[in-house]
Amino acid sequence: MSRAYAVGPEARAALAVLLLELQDAPDEPWTVEAMAARVGYDPSHFARAFQTVVGQPPLRWLRTLRLERAAHELASAPGKALEVVAEEAGYASHEAFRRAFVRAFGVPPSAMRGRPRGPRGAPPRPQGALQGRPEGLLGAPEIVRFGPLSSAVSVAAARFDDAAIAAAWRRLYTVEPPASAWELAAASPPWGFYQQDAGLPREYRCIRLGYGEKAPPGFSPWRMQAGWSARFRYEGAMAGIHALMTWIFRDWLPGSALRWRFAPVVTLFDPAVWHASRFERSRCVVHVPVQRLGGLGRGMV
């Protein structure tokens with residue numbers, strides 16, 4: 001009987017960082033050699049360590065990520081054609097895509113169009129102590145069941161920069177103002193977030209929750225499935241939210257033995273703090289969808 005391949009905490013953290021990079025750019029022509037170079041290991045050592053931590057060989061895991069992205073697309077963009085989702089996942093035929101999807105998730109792609117099932121099993125547990133916690137973070141992160149969420153009114157920023165995001169919030173404020181805290185939210189997609197300087201296209205969507213009327217012209221509906229999320233509470237300077245996000249993805253997530261599953265990061269805001277401080281301070285709750293580092297797709301649906 002062969003001994004289990006030992007992987008230390010530093011190697012696990014390095015692999016967690018790599019998983020974020022793979023999730024940011026699953027369509028890049030990754031090779032085992034390129035992945036190994038990113039974490040500083042020779043390909044043979046890397047492949048064995050990856051198999052031990054993640055539970056799949058590296059290139060098979062990359063296919064899993066593409067399928068997870070497809071599952072996210074099917075759930076969050078019901079108007080997107082199934083053939084387009086299959087092609088973007090790298091499958092030349094619908095039947096090949098369906099077979100791979102069933103193997104990964106236990107259900108056909110069409111099941112993701114229906115009612116969200118929510119998370120299954122016990123919540124994932126983060127490991128390690130909080131290191132270098134950012135100013136404004138209130139308490140330790142909690143693992144909570146979050147969602148499902150839906151809204152008739154949302155608007156995406158034209159670009160991922162301060163001016164475009166501010167313009168999107170102004171547009172959202174043209175509809176009925178929120179009646180209470182946590183009725184305004186921002187959502188960022190589960191890719192193109194970690195590599196903040198890579199020039200990747202990212203979306204920042206402003207959302208009005210609790211709005212029961214028909215969406216005005218120029219706004220679009222939005223929805224998110226239920227799942228396990230790491231919840232971070234923050235109160236402080238507006239600029240500190242960026243530092244918090246950077247800490248979550250560069251430090252906390254790689255050291256937690258968890259990974260970001262394919263669902264958007266959703267931040268709920270208390271607009272009263274904005275208005276009282278003339279938009280210099282914020283009180284918000286950030287929800288980062290997570291699952292075990294070696295967790296596979298069946299727990300997502």
Which atom of Ala36 lies closest to which atom of Pro43, heavy atoms considered: CB-CA, 3.8 Å
Can you check whether Trp252 reaches Pro126 side chain to side chain, under 4.5 Å on heavy atoms? yes
Side chain to side chain, Arg231 and Val285, heavy atoms closer than 4.5 Å: yes
Partner of Trp61 by side chain to side chain contact (heavy atoms under 4.5 Å, CB included), out of Met35, Gln51, Gln56, Arg66: Gln56
Quick one: do Leu59 and Leu18 end up in the same hydrophobic cluster if we chain Ile, Leu, Val, Met, Phe, Trp and Tyr together by side-chain heavy atoms under 4.5 Å apart? yes
Check Glu280 with Arg278, please: is the shortest side-chain N to carboxylate O separation under 4.0 Å? no
Short side-chain to backbone donor-acceptor contact, Trp260 and Ala263, under 3.5 Å: yes
Counting C-beta onward and ignoring hydrogens, is there a side-chain heavy-atom pair between Ser188 and Pro264 closer than 4.5 Å? no
Are Leu172 and Phe279 connected into the same hydrophobic cluster when the rule is that any two of I, L, V, M, F, W, Y join if their side-chain heavy atoms are below 4.5 Å apart? yes
With sequence neighbours excluded, tell me which residues meet ring pair (Phe, Tyr, Trp, His ring centres under 6.0 Å) with Phe269. Trp169, Trp274
In this structure, would Val273 and Leu184 fall into the same cluster of hydrophobic residues linked by side-chain contacts under 4.5 Å? no
Where do Ser277 and Met238 land on the side chain to side chain contact (heavy atoms under 4.5 Å, CB included) test, with the steps shown first? CA-CA 10 Å; Ser277 66; Met238 291 284 285; over 6 Å; no
Hey, is the main chain of Glu68 close enough, under 3.5 Å, to the side chain of Arg261 for a donor-acceptor pair? no
Keeping the roles fixed (side chain from Ser151, backbone from Arg208), state whether a donor-acceptor pair exists under 3.5 Å. yes
Quick check: closest heavy atoms across Pro26 and Leu62, and the distance to 0.1 Å? O-CD1, 3.8 Å
For the residue pair Gln23 and Phe262, establish whether any side-chain heavy-atom pair is separated by less than 4.5 Å. yes
Is Thr267 reaching over with its side chain to a backbone N or O of Val286, donor-acceptor style, under 3.5 angstrom? no
Which heavy-atom pair separates Val290 from Ala230 by the least distance, and what is that distance? CG2-N, 3.9 Å
Measure the spacing between CZ of Arg125 and OG of Ser256 and express it to the nearest 0.5 Å. 13.5 Å
Measuring only between side-chain heavy atoms, which start at C-beta, is Arg98 closer than 4.5 Å to Pro109? yes
Do you know which two heavy atoms are closest between Val155 and Ala168, and how far apart they sit? CG1-O, 3.5 Å
Side chains of Asp270 and Trp182: does their closest heavy-atom pair fall under 4.5 Å? yes
Report the residues that fulfil side chain to side chain contact (heavy atoms under 4.5 Å, CB included) with Ala89, sequence neighbours left out, ordered by chain and then residue number. Ala70, Tyr91, Phe97
What closest approach, in Å, do Arg159 and Ala164 show between heavy atoms, and which atom pair accounts for it? O-CB, 3.4 Å
Residues Phe50, Leu15; criterion side chain to side chain contact (heavy atoms under 4.5 Å, CB included); working and verdict: CA-CA 7 Å; Phe50 195 101; Leu15 288 171; 4.0 Å; yes
Would Leu268 and Phe146 count as a side chain to side chain contact (heavy atoms under 4.5 Å, CB included) if you check the C-alpha gap in whole Å, the side-chain angles of each, and the deciding distance to 0.1 Å? CA-CA 12 Å; Leu268 305 179; Phe146 184 62; 4.3 Å; yes
Nearest 0.5 angstrom please: Ser154 OG to Tyr211 OH, how far? 12.5 Å
Output yes when a side-chain donor or acceptor of Glu73 lies under 3.5 Å from a complementary backbone atom of Lys80, and no otherwise. no
Crowding at CD, Glu33 (>12 non-hydrogen neighbours, <6.0 Å): yes
Passes side chain to side chain contact (heavy atoms under 4.5 Å, CB included), Val17 versus Val39? Steps please. CA-CA 9 Å; Val17 172; Val39 294; over 6 Å; no
Assess whether atom CD of Glu235 is packed by more than 12 heavy atoms of other residues, nucleotides or ligands within 6.0 Å. yes
Between Glu142 and Arg233, does at least one N-O distance fall below 4.0 Å, as a salt bridge requires? yes
I need the Glu21 CD to Glu28 CD distance, nearest 0.5 Å. 11.0 Å
Heavy-atom closest pair, residues Met224 and Gly147: CE-CA, 4.3 Å
Report yes or no: do Tyr173 and Ile165 belong to one cluster of Ile/Leu/Val/Met/Phe/Trp/Tyr joined by side chain heavy-atom distances under 4.5 Å? yes
I need the single residue from Leu137, Val265, Val288 that forms a side chain to side chain contact (heavy atoms under 4.5 Å, CB included) with Ile248. Which is it? Val288
Euclidean distance, Glu83 CD relative to Ser93 OG, rounded to 0.5 Å: 11.0 Å
So does Asp27 have more than 12 non-hydrogen atoms from other groups sitting under 6.0 Å from CG? yes
Between Arg133 (side chain only) and Gly139 (backbone N and O only), is there a donor and an acceptor less than 3.5 Å apart? yes
Straight-line distance of Arg63 CZ to Leu67 CG, nearest 0.5 Å: 9.0 Å
Donor-acceptor contact present, side-chain Thr64 to main-chain Arg60, <3.5 Å: yes
By ring pair (Phe, Tyr, Trp, His ring centres under 6.0 Å), which residues pair with Tyr41, not counting sequence neighbours? His45
Checking the side chain of Arg171 only, and the main-chain atoms of Gly218 only, is there a donor and an acceptor separated by less than 3.5 Å? yes
Can you tell me how far NE2 of His242 sits from CG of Asp162, rounded to the nearest 0.5 angstrom? 9.5 Å
